[in-house]
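Numbering starts at 1 and runs along the sequence shown. Scope of the values below: all heavy atoms of this structure, side chains included, with no hydrogens, waters or symmetry mates.
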Amino acid sequence: MTKNILIVSGIYPPEIGGAATYAELMLRELPKKNIAVEVLTNGAGSIPGVHFVSAKGKLWRYVRFFLAVFTLAKRFDVVYAVDSSFGAATIAAFAARLRRKTFIMRVTGDYAWEQGMQRFGVTELLDDFAPLAERRRYRWQVRLLARAERYAAKRAAAIVAPSEYLKRIVETWGVPPEKIQVIHNAVDVPVIAETKKEIRERLGWKGPIVVSAGRLVPWKGFATLIEAFFDVARTVPDAKLFIVGDGPDQAVLQEKIEHMHCASCVVLMGKLSRDRLARYLKGADLFVLNTGYEGFSHQLVEAMSLGVPVITTAVGGNAEVIEDKTNGILLDYNDREMLAEAMKFLLRNKEARERLAKTAMEDAKQYTKEIMMEKLVRLFENPNI
């Protein structure tokens, strides 16, 4: 039976982020499966099938967003929130309940934890935070966000989690495990025609190149990565580290680079387009992600698909993607010494890099758009299984 689905997302391209990319993919691919779909998001724009909501002031924006979901939901069978922020999931859950529509939620992280880490003094990593989020040890803003997020999750007929790790996190919110379905995200890698050699020649790269990418926030571990790479650069001639991304820690990290006098070997690139980042990855010798939390990392899979050996941490969903010493290297989070040694080893060992990259390219093929869409369509047809 044909379904009509309203996709609700806090962001949409040209905004950059997993939810934006995912919402755009749903709008493009679901009609091919005989599913009518429209998107509701924040911002301003004119794109067929996309409804933008903009307003000055956060409270008024929330009000307008709720009214938009409530109005549009009348025409749809399913309301699907593709991120778990208050401005998308919680509002969508409430509007869908009033409309008596099926509500499905995609959980790619813990919004209360992320906001708590960035704004409200939370210091614990997610594994320690999730079971305690609503207790008085945290500020009222954190507890409120946690309750709102958990309200949406408990209201959902089904929850999509991109990894077994995130499924376990959602279970700590009091959601029955049978309501949570693990559907790995598809990774749509840009096609880069140039060879590694051609990319390096165009960019003027001569020595060993390491790339890292992500939002510049505390749990991504960029400060420790810079320290570890400083050790690498002292023993591996001409090695350079490019960090791609922006975020609240940018000034702090730049100050650290200048204080350590390593600006010649560590460069903060800021935000790059997907195509340009893909070229950096394909031209690099290593991709390194020293992260304290990862639900399901698109960036890891993209690096694997482009034939770049990966070093990352054995946290969150990473261990579901990377098998240590088979298709990458897994380390403890923020272990500066081991991180430096792993980078030195691979930068000096071309055979090991090629072996890891070859296996990784094969393993990355399982994260396809076709597999993801097939599972999603089955869920939309029967969300209460």
Would [X] and [Y] pass as an ion pair if we require N to O under 4.0 Å?
{"X": "Lys256", "Y": "Asp249", "value": "no"}
{"X": "Arg348", "Y": "Asp285", "value": "no"}
{"X": "Asp231", "Y": "Arg336", "value": "yes"}
{"X": "Glu29", "Y": "Lys32", "value": "yes"}
{"X": "Glu302", "Y": "Lys282", "value": "no"}
{"X": "Arg355", "Y": "Glu351", "value": "no"}

Test side chain to side chain contact (heavy atoms under 4.5 Å, CB included) on Ile180 and Val160 and set out the steps. CA-CA 6 Å; Ile180 310 165; Val160 174; over 6 Å; no
Heavy-atom side-chain contact between [X] and [Y] under 4.5 Å:
{"X": "Tyr22", "Y": "Ser9", "answer": "no"}
{"X": "Met304", "Y": "Val310", "answer": "yes"}
{"X": "Asp127", "Y": "Ile169", "answer": "yes"}
{"X": "Asn185", "Y": "Val301", "answer": "no"}
{"X": "Glu149", "Y": "Asp110", "answer": "yes"}
{"X": "Pro190", "Y": "Arg279", "answer": "no"}
{"X": "Arg75", "Y": "Asn4", "answer": "no"}
{"X": "Tyr12", "Y": "Val39", "answer": "yes"}

Treating [X] as the side-chain partner and [Y] as the backbone partner, does any N or O pair qualify as donor plus acceptor under 3.5 Å?
{"X": "Asn42", "Y": "Ile11", "answer": "no"}
{"X": "Lys369", "Y": "Leu25", "answer": "no"}
{"X": "Glu198", "Y": "Thr195", "answer": "yes"}
{"X": "Arg99", "Y": "Phe70", "answer": "yes"}
{"X": "Thr359", "Y": "Leu356", "answer": "no"}
{"X": "Arg64", "Y": "Trp60", "answer": "no"}

**Asked** Is there a donor in the side chain of Asp275 and an acceptor in the side chain of Ser273, or the other way round, less than 3.5 Å apart?
**Response**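 No, no side-chain donor-acceptor pair sits under 3.5 Å.
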- Task: Say whether Thr291 and Glu294, considering side chains only, have a donor N or O and an acceptor N or O under 3.5 Å apart.
- Result: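 There is such a pair between these side chains.
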Given Val82 and Val8, is the side chain to side chain contact (heavy atoms under 4.5 Å, CB included) satisfied, shown in steps? CA-CA 6 Å; Val82 300; Val8 180; over 6 Å; no
Report task. Quick one: do Gln299 and Leu281 satisfy side chain to side chain contact (heavy atoms under 4.5 Å, CB included)? Show the steps, please. Result -> CA-CA 10 Å; Gln299 212 62 74; Leu281 288 171; 3.6 Å; yes
Using the benzene-type ring in the case of Trp, are the ring centres of [X] and [Y] under 6.0 Å apart?
{"X": "Tyr333", "Y": "Trp219", "result": "no"}
{"X": "Tyr138", "Y": "Phe120", "result": "no"}
{"X": "Phe380", "Y": "Tyr80", "result": "yes"}
{"X": "Phe287", "Y": "Tyr280", "result": "no"}
{"X": "Tyr62", "Y": "Phe86", "result": "yes"}

Once you round to the nearest 0.5 Å, how far does [atom1] of [X] lie from [atom2] of [Y]?
{"X": "Leu72", "Y": "Leu40", "atom1": "CG", "atom2": "CG", "value": "6.0 Å"}
{"X": "Met338", "Y": "Asn290", "atom1": "CE", "atom2": "CG", "value": "12.5 Å"}
{"X": "Ile47", "Y": "Glu38", "atom1": "CD1", "atom2": "CD", "value": "13.0 Å"}
{"X": "Lys375", "Y": "Gln181", "atom1": "NZ", "atom2": "CD", "value": "7.5 Å"}
{"X": "Asp324", "Y": "Thr312", "atom1": "CG", "atom2": "OG1", "value": "11.0 Å"}
{"X": "Phe345", "Y": "Asn349", "atom1": "CZ", "atom2": "CG", "value": "4.5 Å"}

Who are the side chain to side chain donor-acceptor pair (under 3.5 Å) partners of Arg202, not counting sequence neighbours?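 Listed in chain order: Glu194.
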Q.
I need the minimum non-hydrogen distance between Ala157 and Thr102, along with the two atoms involved.
A.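 Where Ala157 meets Thr102 most closely, the heavy atoms are CB-CG2, 3.9 Å.
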Nearest atoms (heavy-atom pairs only) where Thr172 meets Ala130: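 Looking at all heavy atoms of both residues, the closest pair is OG1-CB, 3.5 Å.
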[X], [atom1] atom: more than 12 neighbouring heavy atoms under 6.0 Å:
{"X": "Lys74", "atom1": "NZ", "value": "no"}
{"X": "Met260", "atom1": "CE", "value": "yes"}
{"X": "Arg97", "atom1": "CZ", "value": "no"}
{"X": "Lys240", "atom1": "NZ", "value": "no"}
{"X": "Glu255", "atom1": "CD", "value": "no"}
{"X": "Glu323", "atom1": "CD", "value": "no"}

Do [X] and [Y] share a hydrophobic cluster, counting only Ile, Leu, Val, Met, Phe, Trp and Tyr and linking them when any side-chain heavy atoms are less than 4.5 Å apart?
{"X": "Leu27", "Y": "Val78", "answer": "yes"}
{"X": "Leu339", "Y": "Ile322", "answer": "no"}
{"X": "Val236", "Y": "Leu225", "answer": "yes"}
{"X": "Val288", "Y": "Leu272", "answer": "no"}
{"X": "Ile192", "Y": "Leu300", "answer": "yes"}

Hey, can you tell me if His298 and Phe296 have their rings parallel, tilted or perpendicular (30° and 60° cut-offs)?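 His298 vs Phe296 ring planes: perpendicular.
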Go through it in stages, so that I can follow the logic: the residues are Lys344 and Glu341, the test is salt bridge (Lys or Arg N to Asp or Glu O under 4.0 Å), and I'd like the CA-CA distance, side-chain angles, deciding distance and then a yes or no. CA-CA 5 Å; Lys344 290 177 189 176; Glu341 289 304 312; 3.5 Å; yes
Strictly by ring pair (Phe, Tyr, Trp, His ring centres under 6.0 Å), give each pair with a member in residues 139-175 just once, sequence neighbours left out.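 Every pair satisfying ring pair (Phe, Tyr, Trp, His ring centres under 6.0 Å) with a residue in residues 139-175: there are none.
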**Request:** Go through the steps for Cys262 and Ile226 under the test side chain to side chain contact (heavy atoms under 4.5 Å, CB included), then give the verdict.
**Result:** CA-CA 9 Å; Cys262 58; Ile226 291 168; 4.2 Å; yes
